[in-house]
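Written out below as structure tokens is the structure these notes cover.
First listed ligand is number 1; within each ligand, the first listed atom is number 1. In what follows, every heavy atom counts, from backbone to side chain, and hydrogens, waters and symmetry copies are set aside. All residue numbers refer to positions in the sequence shown, counting from 1.
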Amino acid sequence: GKRAFIAGVADDNGYGWAIAKSLAAAGAEILVGTWVPALNIFESSLRRGKFDESRVLPDGSLMEITKVYPLDAVFDSPEDVPEDIKTNKRYAGSSNWTVKEVAESVKQDFGSIDILVHSLANGPEVTKPLLETSRNGYLAALSASSYSYISLLKHFIPIINPGGSSLSLTYIASERIIPGYGGGMSSAKAALESDTRVLAFEAGRKHKIRVNTISAGPLRSRAAKAIGF
Ligand code: NAD
């Protein structure tokens with residue numbers, strides 16, 4: 001069977017969870033990367049059976065998540081983590097959550113994967129129109145929503161089996177004006193789409209790994225509710 005790592009699952013409402021279920025239904029082993037500040041709630045909810053109804057697969061069995069890795073995809077390696085995050089109590093309880101370290105942990109635990117899914121985004125100023133977005137807000141949106149994919153792919157490529165596949169999720173706001181999708185999030189999705197073409201060229205030729213992005217329709221995930229979608 002195939003093994004999938006899905007980055008960006010912290011509840012049972014988002015695309016990451018739905019993709020995990022589809023892959024599990026198709027027989028894949030599921031590993032997930034969960035944003036560090038959301039880790040405790042996600043793991044305890046899983047343990048307490050809060051997601052059991054949503055874990056039901058078409059054959060009646062429950063999706064198993066083999067392992068949950070803490071992840072913060074805006075940090076590539078420990079050297080990049082600033083002091084205030086290191087000492088933040090929501091982070092201090094977890095370790096090895098930078099992208100490089102997560103890839104190393106997955107390698108240590110399982111050796112390789114076949115499918116990498118990026119289902120995460122964050123734009124701290126998403127509620128502000130682009131004209132009112134600060135430089136920091138814009139760069140943070142690109143860092144969390146676009147570069148995070150480059151970083152994940154770069155660090156996971158050595159453990160993705162040839163013929164493997166990687167996927168991210170984009171949104172139509174990259175091409176058309178969607179008022180309310182601000183803070184540089186429209187820019188971040190445009191970058192993600194352009195990067196997908198370039199990364200497909202590079203990872204395809206060099207490593208025989210496919211790179212795709214799916215422009216998903218609107219879904220009332222936690223992220224979407226936060227911006228009133
Ligand atoms: P979601 O809230 O389920 O998923 C986003 C996840 O990103 C959350 O689990 C969050 O904890 C995680 N995250 C945020 N910052 C992170 C970081 N620095 N490191 C690691 N994880 C981090 O919401 P969703 O809407 O399912 O989003 C998944 C993907 O789908 C995103 O790329 C989003 O832009 C895209 N998308 C969503 C919609 C929609 O309508 N919901 C439409 C098109 C595309």
N-O pairing of Arg55 and Glu64 below 4.0 Å: yes
Neighbouring residues of ligand 1, heavy-atom cut-off under 4.0 Å: Gly8, Ala10, Gly14, Tyr15, Trp35, Leu71, Asp72, Ala73, Val74, Ser119, Leu120, Ala121, Asn122, Leu169, Thr170, Tyr171, Tyr181, Lys189, Ala216, Gly217, Pro218, Leu219, Ser221, Arg222, Ala223, Ala224
Flag for Thr213-Glu193: side-chain donor and acceptor within less than 3.5 Å: no
Sequence-distant partners of Lys2, side chain to side chain contact (heavy atoms under 4.5 Å, CB included), two or more places apart: Ala28, Asp114, Ile115
Aromatic ring proximity, centroids under 6.0 angstrom, Phe51 and Trp17: yes
Residues that, via side-chain heavy atoms closer than 4.5 angstrom, fall in one hydrophobic cluster with Leu192: Phe5, Leu31, Tyr69, Leu71, Val99, Val102, Val106, Phe110, Ile113, Leu116, Leu120, Tyr147, Tyr149, Ile150, Leu152, Leu153, Phe156, Ile157, Ile159, Ile160, Leu199, Ile209, Val211
Pairs touching residues 126-142 that satisfy side-chain hydrogen bond (donor to acceptor under 3.5 Å, both in side chains), sequence neighbours left out: Glu125-Ser134
